[in-house]
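Below, chain A is the first sequence line, B the second, and so on; all start at residue 1. Atoms considered below: every heavy atom in the structure, side chains included; atoms not considered: hydrogens, waters and symmetry mates.
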Amino acid sequence: MGNLNIIAIVMVIGLTIFTVGLAIFVRRFTRTTADFYLAGRKVGTIANASAISGDYLSAASFLGVAAAVYASGLDGVWFAAGFAGGFIVVVLFIASALRRFGEYTVADFAYGRFGSDRIRLVTVVMVLLTSLFYMAPQMYGAGTTWTVLVGAGLFGLSPYNTGVLIVSLIIMFYVMVGGMKGTTLNQIFQFWWLWTAMFLVVVFAFTAGSFRYPNALAEVTGENHRDVKTHTVAELTADDGALLAAAEGAMSEEAFAEVQTVVDAGDSEATAGVLVPAKNKLHTLRDMFFNEPGHRYNNFDQFSMVLALVLGTAGLPHILNRYYTNPSGAAARRSTFWVLVFIGTFYIMAPIAGLAGRQIIDNAWRAGAAPTNAAYVDGLLLKSDAIMPTLAQILGGEWLMGAVAAGAFAAMFSTTGGLLIASASAVGHDVYEKYINPGAPEIRKVFVGKASVLFFAFIALGIGLGIPAVGLDKAYPALIAMMVTWAFSLGAGAFVPMLLTGIWWRQTTERGAIAGMIVGGGGSIFFIFMNILKQLGHLGTEGLLPFLGSLTFPTLFTFPAAVLTIIIVSKLDGQLPKNVEEIWMRIHGTASERHEREMGLDKVGSMLSSGGK
Amino acid sequence: MASSSDGTVRTASGVQVQHGNHIDTIESVDVVFREQRKLSFSYGAVFFIVTLAIPAMSVWWKTWYAVPVWGGFTLNYLFVSLLYYLFLWGLSYTYIRKADALDERLSHMADEIAAATAVASVGGEQCG
């Protein structure tokens with residue numbers, strides 16, 4: 001059993017009690033489906049910006065960005081910049097039009113714009129797939145953080161599985177009870193908690209040690225970048241021990257001696273963690289350095305990753321749903337600006353934490369002061385996703401670790417809560433209310449929404465437990481950020497082409513939009529799974545399949561392919577909805593907003609009242 | 001003439017949407033759409049050119065990605081980790097100010113267009 005961090009655990013329990021308590025308090029104000037899914041459309045600009053930020057800043061942002069920088073240097077910094085940049089696409093092309101259209105969900109938009117049940121159902125399927133892709137890293141983050149925080153399992157489970165189980169149950173409960181109002185208030189609180197936790201880590205890094213940003217970057221860059229990997233003895237000794245020789249050159253004598261001991265024992269299936277020099281995938285003739293691009297991404301992936309991140313944000317269903325909670329299209333734009341300010345400051349800090357970890361954790365390990373719940377290889381974390389709680393414990397002891405662990409759980413609660421609402425609304429609102437029981441009373445609709453939350457929470461739990469079982473955690477160096485980017489790729493392929501053409505090109509037809517979603521969404525899923533299979537070693541190294549599996553982010557192909565598909569099929573089809581002019585006026589017309597502004601109806605009311613429309 | 005609960009009115013001259021005293025006609029909405037499209041796509045072009053220029057320079061311009069300019073900061077690292085956010089904030093702030101101003105300008109224009117093209121045919125019937 002690892003070390004129990006009592007103070008930190010108490011802080012996490014305190015956050016959990018507050019979260020659940022808030023959901024129970026808000027329950028009395030959730031009466032209608034508009035309350036449950038959209039918080040009564042009464043969320044103000046700053047509150048909505050905070051809630052969107054809380055919804056958006058997931059485990060990938062709080063744990064994963066710092067981890068990606070720690071593992072990959074500059075290529076990891078791009079996660080932060082890309083996550084922030086995505087909101088520009090939202091504010092320029094989507095936010096106000098989506099709000100003016102005035103529906104509940106993305107599927108509602110698709111139905112309202114193109115007028116067919118078929119496209120609504122295709123959209124629902126894509127919403128559910130994107131949400132599941134996004135839930136996976138949150139669950140993995142839950143298990144990883146629990147392992148570092150508690151280091152022990154319950155009910156005979158491993159620490160990782162215990163973390164996944166407990167977080168799933170808590171989120172399941174508070175989303176079911178509080179709906180969108182409870183989730184919104186929790187997301188506002190949780191965002192500011194994790195922003196503050198990240199701020200404290202950075203402040204402690206600057207004040208508690210000798211960390212100086214430009215100097216630390218120069219120091220870490222001074223030596224060739226090294227990768228941490230776990231290998232079997234058979235792998236280490238293959239090819240005349242090429243890997244072992246590389247490790248010997250990259251590791252300290254003491255650390256390599258431990259590896260040599262494992263190798264000398266002769267068990268070919270035994271494993272050992274080693275450091276090896278990182279290869280530069282972008283400039284293959286150059287050594288790899290922390291402050292240069294190329295650790296993770298080659299030419300193609302440099303562009304494709306940027307596109308996936310900046311386009312994917314506009315395709316995340318739980319973020320898009322949030323835009324319907326704004327009181328007007330202009331308020332939707334202003335919310336997005338504040339989101340950019342809030343998350344921008346956060347994303348400036350996260351790479352600083354990643355760099356500080358590279359320097360401070362190594363120093364602490366060499367001084368024998370590194371936390372023992374995390375695993376290390378010669379001063380580097382074996383799993384980079386453990387950097388935030390580990391760094392916090394070194395810098396500020398259990399109090400700071402508690403703040404960070406609570407922040408990590410807050411990030412998982414808020415994002416998974418939003419995803420569960422999005423999934424529940426896809427099933428409860430888009431399918432049940434529209435097709436299965438259109439005349440259902442409000443209480444039945446809300447019940448179906450809650451049952452959907454329960455169902456998808458169990459699926460998230462299964463995914464979280466399955467990640468280590470299939471070896472994904474060993475296949476990617478910063479798995480949380482990577483998995484979230486898959487969700488971004490899927491959103492960028494499936495939804496963004498449909499939304500952009502649906503909003504900005506009147507000639508888009510229903511068949512064109514469906515074909516585009518299938519090409520963009522299906523293509524993304526295909527390439528992501530090919531990449532996973534390649535990383536797990538199932539595709540070999542020669543031929544077409546491993547080539548297809550080498551595309552880490554497919555967006556550079558799937559996004560233009562989906563847009564082209566929509567244009568070509570729409571041109572060939574030519575079957576516009578009969579009421580296309582009315583639809584166009586709903587998207588771009590302003591009479592409703594002018595009227596609401598004249599009557600003062602665009603003012604924000606209180607979320608703590610029921611019966612919103 | 002046919003009307004629906006969302007304020008949509010079909011007249012012989014086309015579709016109108018009326019909310020209170022405010023009317024959208026297809027002509028006024030087209031003006032709003034074209035102006036908004038011009039604004040959004042101009043800013044979008046700036047955003048994508050700058051954003052995609054970063055990986056392009058990372059691939060092809062060694063001074064950008066390999067030469068330290070401040071401690072360990074290369075231009076590439078400095079821009080992606082710090083300066084890019086100033087670009088995003090500046091771009092979104094100026095866009096939102098222009099979009100709000102455009103909304104304001106077009107709301108008067110829309111009322112004028114609607115008044116000129118449709119109010120007479122709708123008369124006093126209001127559904128919004």
Would you say A:Tyr56 and A:Thr313 are linked by a side-chain donor-acceptor pair, where the criterion is simply a distance under 3.5 Å? yes
B:Tyr85, part contacting chain A, at a heavy-atom distance under 4.5 Å: side chain
Heavy atoms only, distances under 4.5 angstrom: which of A:Phe290, A:Trp504, A:Tyr347 has the most pairs with chain B? Name it, please. A:Trp504
Can you say whether A:Leu307 sits under 4.5 Å from chain B via the side chain, the backbone, both, or neither, judging by heavy atoms? side chain
Please state whether the side chain, the backbone, both or neither of A:Val220 comes within less than 4.5 Å of a heavy atom of chain B. neither
Can you tell which part of B:Phe73 gets under 4.5 Å to a heavy atom of chain A, answering side chain, backbone, both or neither? both
In terms of ring plane angle, is the pair A:Phe83 and A:Phe79 parallel, tilted or perpendicular, where the classes change at 30° and 60°? tilted
Interface moiety of A:Ile343 toward chain B, non-hydrogen atoms closer than 4.5 Å: neither
Under a 4.5 Å heavy-atom cut-off, does chain B meet the side chain of A:Phe289, its backbone, both or neither? neither
When you check the side-chain N and O atoms of A:Asn291 and B:Thr74, is any donor under 3.5 Å from an acceptor? no
Region of B:Tyr77 in contact with chain A, defined by heavy-atom distances below 4.5 Å: both
Checking B:Phe41 against chain A: side chain, backbone, both or neither under 4.5 Å from a heavy atom? both
When the 4.5 angstrom heavy-atom criterion is applied to B:Tyr95 and chain A, the contacting part is side chain
Can you tell which part of A:Tyr297 gets under 4.5 Å to a heavy atom of chain B, answering side chain, backbone, both or neither? neither
Highest number of heavy-atom pairs under 4.5 Å with chain A among B:Gly44, B:Pro55, B:Gly71 belongs to B:Pro55
Bottom line for A:Leu282: the part with an atom under 4.5 Å from chain B's heavy atoms is side chain
Near-ring test A:Phe199/A:Trp195, centroid separation under 6.0 angstrom: yes
Need one label for A:Val341: side chain, backbone, both or neither, based on atoms under 4.5 Å from any heavy atom in chain B. both
Heavy-atom cut-off 4.5 Å, strictly under: side chain, backbone, both or neither for A:Ile88 against chain B? side chain
Given that the side chain runs from C-beta out, which part of A:Val77 has a heavy atom under 4.5 Å from chain B: side chain, backbone, both or neither? both
